[in-house]
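Counting begins at 1 with the first residue of the sequence.
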Amino acid sequence: MCQHHQTQPDDAQSQHPPVRPVYNDAFPWHLGAFDAHCHPTDTMASLASLATLRTRVLAIMATRSQDQQLVAEVAAEHGITDSLSSLTSTSDTDSARRGCKVVPAFGWHPWFSYQLYDDSIPNPTYSLPSTEDSNTSTEEDAKIAHYKAVLTPSPQDPSFLSSLPTPTPLSSLISSTRQYLTSFPFALVGEIGLDKGFRLPQQRLPDDDSSRDESLTPGGREGRLLSPFRVQMQHQQAIMQAQLRLAGEMGRAVSVHGVQAHGVLYDTIAACWKGHEKKVLSRREKKRIAPGAEESSSSSDDEDSSSENDDSMRSKEKRAKRKIGGKPFPPRICLHSYSGSADMLKQWLHPSVPSTVFVSFSIAVNMSTDGGKAKLESVVRALPDDRILVESDLHMAGDEAEGLLEDMYRLVCEIKGWDLEYGVKTIGANFEKFIYG
Ligand SMILES: [Zn+2]
């Protein structure tokens, strides 16, 4: 069975030849492999492959106006309905190819944050003209004012500005996301986050429309060149914070995107932890507490001990919600395709952090640059075994995504010194904890 080389000192490791059997073994799909972050609704036809995939569950992300309902429809047909224990069955008699389930995630990606305006602040960037001064101000003016305020540098080109959609109030996004989360009790919030590197694509030219690939869900970049315009970080933060609060209110996990924004991402999430940090006991304090009491004291905030009132009418998800909902921060967070350093992980994993933070890796992002490749090993090594997830982050379901998922599973196992069986089981247990708590 499994060998945990990573805890052995170097000299002990060197006694064993550095054979890497993980690459020769058949992949144990029957133990349950999970894709913690992907976008198959970007290519709807690819969802037909769900019937034949060996992956047990895909966590599928919504990102923008065009894909929220698509994610809901796929979840209505293929969504998980119960605990994953039935899905993580280790019986060898289980057919590996028995169809793939999905966990839906509803959220607004930072790349599309400019399409929303924050209507919770006193002077929103978009405000419709009142009837009295309708002569001096139009909806178009209000739209232009919004984009000039939230984009940087402030765009001046009238044709670029008019090509952008009329912005949607943030409150509408939050209420429709709340409805989706209510309809799907196991749904996550995602994809949300911050991105300093992102620039808006240039406007679509009339000629582009006739040549666009109809198999792709609208709203994506689709090969357009990039404009110089970025979304103000403060605006991205406001959009993200509202969704973090919703996840906290509903007791749902979040899948988080962070590019060139590791410090500000941490600060944004840490702001919603304020006042809820876990008390970190000193060694002396721990000794004073009777065995067993320590755990309940640190998690007492989360517990609802009215178990006597539990009856069969109360479903598992209702109990789960009561137990972990109603906080200003999400109970569980996945930093997807994490590109920060091993050192930066320390703050996310600090014992005072009240959310359980998982970190997920994809071949598509983490292995796409030399910098990413160079960092991966130290980051994976620095992560506790129970916080690692694996993902494809691809924009379609199918053999390619599954192949890349398998490659990342193998790579993580190799870095951790796990055999595949142990690695797949460990990551499966982590996925279950990420979804259900
Ligand atoms: Zn993504």
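When all heavy atoms of M396 and A401 are compared, the closest pair comes out as O-CB, 3.6 Å. Scanning both residues, P328 and H276, for their nearest heavy atoms gives CG-NE2, 3.3 Å. Across all their heavy atoms, S163 and Q203 have their closest contact at OG-CB, 3.3 Å. Considering all non-hydrogen atoms of both residues, I388 and L383 come closest at CG1-CD1, 3.7 Å. A364 approaches L394 most closely through the heavy-atom pair CB-CD2, 3.9 Å. The two residues A33 and F27 come nearest to each other via the heavy atoms CB-CE2, 4.1 Å.
The shortest side-chain heavy-atom distance between L188 and V103 falls under the 4.5 Å cut-off. Residues F434 and F34 are not in side-chain contact: their nearest non-hydrogen atoms beyond the backbone lie 4.5 Å or more apart. Here the side chains of L281 and R288 are not in contact, with every heavy-atom distance at 4.5 Å or above. Between F106 and V71 the shortest side-chain heavy-atom distance falls below 4.5 Å. A heavy-atom distance below 4.5 Å is found between the side chains of L389 and F431. Residues V189 and P330 form no side-chain contact, since every pair of their non-hydrogen atoms from C-beta on lies 4.5 Å or further apart. For the pair T177/M250, no side-chain contact is recorded, criterion being any heavy-atom separation below 4.5 Å from C-beta on.
Using a distance-only test at 3.5 Å, with no hydrogens or angles considered, no donor-acceptor pair links the side chain of E222 to the main chain of D213. A donor-acceptor pair is defined here as one N or O able to donate and one able to accept, closer than 3.5 Å; no such pair exists between the side chain of E432 and the backbone of G428. The backbone N or O of K375 lies less than 3.5 Å from no partner atom in the side chain of N366, so there is not a single donor-acceptor pair. Panel note: side chain H235, backbone S113; a donor-acceptor pair is recorded below 3.5 Å. Although no hydrogens or angles enter the test, the distance criterion places no donor-acceptor pair under 3.5 Å between the side chain of R221 and the main chain of P201. Side-chain N or O atoms of E191 include none that pairs as donor or acceptor with a backbone N or O of A62 at under 3.5 Å. The backbone N or O of G275 lies less than 3.5 Å from a partner atom in the side chain of E277, making a donor-acceptor pair. S227 places no side-chain N or O within donor-acceptor distance of the main-chain N or O of Q202, the cut-off being under 3.5 Å. In this structure a side-chain-to-backbone donor-acceptor pair under 3.5 Å is present from Q236 to V231. The backbone N or O of M233 lies less than 3.5 Å from no partner atom in the side chain of K196, so there is not a single donor-acceptor pair.
There is a side-chain donor-acceptor pair under 3.5 Å between Y180 and Q69. Residues S355 and W273 bring a donor and an acceptor atom of their side chains to less than 3.5 Å of each other. Side-chain atoms of S255 and H37 include a donor-acceptor pair closer than 3.5 Å. Counted by atom type alone, T217 and Q66 present zero donor-acceptor pairs between their side chains at under 3.5 Å. Of the N and O atoms on the side chains of S337 and E391, at least one donor lies less than 3.5 Å from an acceptor on the other residue. If you check the side chains of T55 and E402, you find a donor sitting under 3.5 Å from an acceptor.
Ring pair H146/Y126 is perpendicular by interplanar angle, where above 60° counts as perpendicular and below 30° as parallel. Taking the six-membered ring where the residue is Trp, H109 and F112 present perpendicular rings, their angle passing 60° and hence far from 30°.
With values rounded to the nearest 0.5 angstrom, M61 atom CE is found 12.0 Å from H395 atom NE2. In this structure, CD on Q241 lies 9.5 Å from CD on Q234, to the nearest 0.5 angstrom. For the atom pair Y147 OH and T125 OG1, the distance stands at 9.5 Å (nearest 0.5 Å). Going from atom CG of D35 over to atom CG of D393 covers 8.5 Å, rounded to the nearest 0.5 Å. Atom CZ of F361 is separated from atom CG of L405 by 13.5 Å, given to the nearest 0.5 angstrom. From T63, atom OG1 reaches atom CG of D42 across 6.0 Å, with rounding to the nearest 0.5 Å.
Among the candidates Y338, F358, Y266, the single residue satisfying the ring pair (Phe, Tyr, Trp, His ring centres under 6.0 Å) test with W348 is Y266.
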Evaluate the side-chain contact (heavy atoms from CB on, under 4.5 Å) criterion for residues L246 and R252: first the C-alpha distance (whole Å), next the side-chain angles of each, then the deciding distance (0.1 Å), finally the verdict. CA-CA 8 Å; L246 178 65; R252 304 302 173 88; over 6 Å; no
Between L47 and V102, does a side-chain contact (heavy atoms from CB on, under 4.5 Å) hold up when you go through it step by step? CA-CA 11 Å; L47 286 154; V102 307; 5.6 Å; no
Test side-chain contact (heavy atoms from CB on, under 4.5 Å) applied to L376 and M408, step by step: CA-CA 11 Å; L376 185 74; M408 189 41 97; 4.1 Å; yes
Show, in sequence, the C-alpha distance, side-chain angles and deciding distance for I269 and V357, and conclude whether the side-chain contact (heavy atoms from CB on, under 4.5 Å) test is met. CA-CA 11 Å; I269 295 181; V357 178; over 6 Å; no
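Checked for salt-bridge contact, R64 and D67 meet the test: a charged N lies under 4.0 Å from a carboxylate O. A salt bridge is defined here as a Lys NZ or Arg NE, NH1 or NH2 lying under 4.0 Å from an Asp or Glu carboxylate O, and E414 with R410 fails to meet this definition. Of the charged side-chain nitrogens involved, none lies within less than 4.0 Å of a carboxylate oxygen, so that R245 and E249 do not count as a salt-bridged pair.
Considering only residues two or more places apart in sequence or on other chains, E73 meets the salt bridge (Lys or Arg N to Asp or Glu O under 4.0 Å) condition with none of them.
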